[in-house]
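One structure below.
Residue indices begin at 1 and follow the sequence shown. Values reported hereafter were calculated over all heavy atoms of this structure, with side chains retained and with hydrogens, waters and symmetry mates removed.
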Amino acid sequence: MNEHAIRNVVIVGGGTAGWMAAAAFSRYLNNGYTKTTLIESEEIGTIGVGEATIPPLLNFNAMLGISENEFVAATKATFKLGIEFVNWDEIGHRYIHPFGFFGQDLQGVHFHQLYLRERSKRVMQDISAWSMSGVAASLGKYARPGPQSRPPLSQLTYAFHFDAGLYAQFLRNFAERGGVSRIEGKVVDTRLNGETGFVESVTLAAGTIIEGDLFIDCSGFGGLLIEQALKTGYEDWTHWLPCDRAVAVPCAYDGQPDPFTRSTAHGCGWQWRIPLQHRMGNGLVYSSAHISDEDAEKLLLDNLEGEQLADPRKLTFTTGRRLEAWNRNVVTLGLSSGFVEPLESTSIHLIQAGIAKLLALFPDKRFGANERNEYNRQIRDLFEDVRDFIILHYWANRRTDTEFWKSCAAMDIPDSLSRRVEMWHSKARVLRDGAELFATPSWVAVMLGQGILPESYDPIADCLDDGKVAAAMEQLRKGYLETAQRMPSHGEFIAQILGQGRRESELPEFVF
């Protein structure tokens, strides 16, 4: 340790963001001199960001050494293989954005180029028939690939649905075992250094003063430190993503849990459906300019599949991002850093990515501008990447039934997205500039799913023999289907975890 080392980290706010950060710090700042303190108030409810996730969460849990089976049991989790989109292109149309890859690239040629070449010659099934996760999802199947699994089972890529409140509690237990201190209390004041403008301490309602070197703002939309104290500023993206309200409610359900999230577009927004072990999570994201709050709540309740289990929770938000995710000695995580609606389940990933980038660029008390600027650049790029991907879903609709959808289709999209669409339109090429979150298969799934058909395919695909490619594709398709048919149902797999009293080491994995 040197004289500049960070000794006190203060996390303001619990919930998913706060306890994810605390859990990570308990693992990676366990150096004998850095103390982590989390402040939260039971008077302030948590939003419970997201109950659906994307595959990188497996890396976060693995990074902490968390047992997947323990996690699934503790958070009432189910497995997720992708997202089904209903009514997004036209009413009645549906497609799936599966996790993982489509087929297999041949001699350096992307599979989707070969698929489009074949499709130009004959009627083809949807491209999801060449996705291990997509086929398993369509059949309601799941099997956890073991370390020795072979293709195509080894291509199965998954994430989770879980109860965000239980996940926060699970991580709280983990963090406190690792030495994180929790203080119950409501922050009522923030003291800044008169010369540097850095946050020196926060004051709780009981009068307690908590000093720190580095503050992590997990206080939610209001940004207690980053905005109310430091006046950082916010970039509003409502002109691209007009939904600004959400209402959520759980309901009972009797059937087997689907291994995918469903997003159903309505006339003024969309409804999520997230199956957990013990309930169904439901919510409606909508534009208040196109439907009243009362009508939105009625629309959601009218579309529940089972008994309503709680009063609806309402949420108001402004889509966008904080101008600086790291300002002076305050770093934001979660809703205090910005908000992009949960259409592609990215909320928890943005927290996870923020934590990973902060650890990679962890400062000392001098708070070098290079580290701060690099962190802000990476977070900005990540937010904009997610923003563009979400905008694509709205802009590429062909609905004419409401003014909401017609206005979405007519909007001017960001230049970064326009450039991607133009490259896709000409020869189905997918641009990747760096470490974007969404890989080529994700863009392919949504472009084709939303009916954006390219004028042609990449001519490099013509270098491969027609007959051999067709035979290989058919072999791949049959392989995915036959493998999925051998899997247990999603419900059966979860029952094996929960209902047979097995020890964790005996929980099932599959190697075929």
Side-chain angles (χ1 to χ4, degrees), residues 1-15 17-44 46 168 171-172 174-232 322 324-337 351 354-355 357-359 361-369 371-372 375-376:
M1 181 185 72
N2 63 50
E3 60 180 313
H4 303 296
I6 297 287
R7 299 179 67 89
N8 288 300
V9 178
V10 178
I11 302 171
V12 176
W19 285 113
M20 285 182 74
F25 294 168
S26 75
R27 166 71 175 79
Y28 288 97
L29 299 182
N30 185 17
N31 50 26
Y33 55 85
T34 302
K35 176 184 176 185
T36 300
T37 303
L38 186 145
I39 305 168
E40 67 176 347
S41 171
E42 294 179 354
E43 296 178 24
I44 304 173
T46 60
L171 292 179
R172 174 181 170 180
F174 180 96
E176 290 184 323
R177 287 198 304 271
V180 172
S181 300
R182 176 188 180 275
I183 296 178
E184 168 67 29
K186 185 177 180 180
V187 174
V188 295
D189 193 23
T190 304
R191 187 176 70 196
L192 305 183
N193 183 286
E195 295 183 2
T196 65
F198 280 34
V199 174
E200 289 187 335
S201 65
V202 293
T203 304
L204 307 187
T208 308
I209 296 175
I210 311 294
E211 297 180 336
D213 302 316
L214 171 65
F215 288 82
I216 309 299
D217 189 340
C218 300
S219 63
F221 289 123
L224 197 60
L225 305 184
I226 195 73
E227 196 59 51
Q228 296 181 35
L230 299 186
K231 314 297 182 189
T232 301
R322 202 70 62 187
E324 291 182 288
W326 177 348
N327 186 0
R328 297 183 176 88
N329 64 334
V330 174
V331 176
T332 59
L333 293 173
L335 301 177
S336 59
S337 62
I351 299 170
I355 294 169
K357 295 179 191 304
L358 175 59
L359 289 172
L361 294 164
F362 201 75
D364 59 28
K365 291 180 182 177
R366 292 170 292 189
F367 287 94
E371 293 156 346
R372 185 175 64 247
Y375 182 88
N376 285 330

Strictly distance-based, threshold 3.5 Å: is any side-chain N or O of Ser219 a donor or acceptor partner for the main-chain N or O of Leu224? yes
Is the shortest heavy-atom distance from the side chain of Phe25 to the side chain of Leu359 under 4.5 Å? yes
Of all heavy-atom pairs linking Leu333 and Ala21, the shortest is CD1-CB, 3.7 Å
Drop me the distance from Ile6's CD1 to Leu29's CG, to the nearest 0.5 angstrom. 9.5 Å
For a side-chain contact (heavy atoms from CB on, under 4.5 Å) check, start with the C-alpha distance between Phe367 and Leu214, then their side-chain angles and the critical distance, and finish with the verdict. CA-CA 9 Å; Phe367 287 94; Leu214 171 65; 3.9 Å; yes
d(Ile11 CD1, Leu38 CG) to nearest 0.5 Å is 5.0 Å
Interatomic distance, SG@Cys218 vs CD1@Ile39, rounded to 0.5 Å, equals 11.0 Å
Which residues pass the ring-ring contact (aromatic ring centres under 6.0 Å, His included) test with Tyr28, not counting sequence neighbours? none
Looking only at atom types and distance, does a side-chain atom of Asp217 sit under 3.5 Å from a main-chain N or O of Ile226, one as donor and one as acceptor? yes
Determine, for Arg322 against Glu227, whether the closest basic-nitrogen to carboxylate-oxygen distance falls under 4.0 angstrom. yes
Could you tell me whether the side chain of Asn8 and the main chain of Asp213 form a donor-acceptor pair under 3.5 Å? no
I'd like to check Leu192 versus Val199 (side-chain heavy atoms, cut-off strictly below 4.5 Å). Are they in contact? yes
Closest heavy-atom contact between Pro363 and Leu358? CD-CD1, 4.3 Å
Ignoring hydrogens, what is the shortest heavy-atom contact between Glu200 and Asn193? Give both atom names and the distance. OE2-ND2, 2.7 Å
Those residues at least two apart in sequence (or on a different chain) that pass ring-ring contact (aromatic ring centres under 6.0 Å, His included) with Tyr375 are Trp326
With no hydrogens and no angle check, is any side-chain donor or acceptor of Asn376 less than 3.5 Å from a backbone partner on Glu324? no
What's the shortest heavy-atom distance between Ser336 and Gly223, and which atoms? CB-CA, 4.1 Å
Would you please test Thr37 and Val9 for side-chain contact (heavy atoms from CB on, under 4.5 Å) and show each step? CA-CA 6 Å; Thr37 303; Val9 178; over 6 Å; no
What heavy-atom pair brings Glu184 and Ser41 nearest, and what distance separates the two atoms? OE2-CA, 3.4 Å
Spell out, as yes or no, whether a donor-acceptor pair under 3.5 Å connects the side chain of Thr332 to the backbone of Ala325. yes
For Arg328 and Arg372, the nearest pair of non-hydrogen atoms, with its separation, is N-CD, 4.0 Å
Please determine if Arg191 and Glu211 form a salt bridge, counting it only when a charged side-chain N lies under 4.0 Å from a carboxylate O. yes
Check whether any side-chain N or O of Thr36 sits under 3.5 Å from a backbone N or O of Val180 as a donor-acceptor pair, and report yes or no. no
Does the side chain of Ile183 reach to within under 4.5 Å of the side chain of Thr208, using non-hydrogen atoms? no
Any side-chain heavy atom of Leu204 within less than 4.5 Å of one from Val188? no
Side chains of Glu3 and Lys365: does their closest heavy-atom pair fall under 4.5 Å? no
Does Val202 reach the side chain of Phe215, with side-chain heavy atoms less than 4.5 Å apart? yes
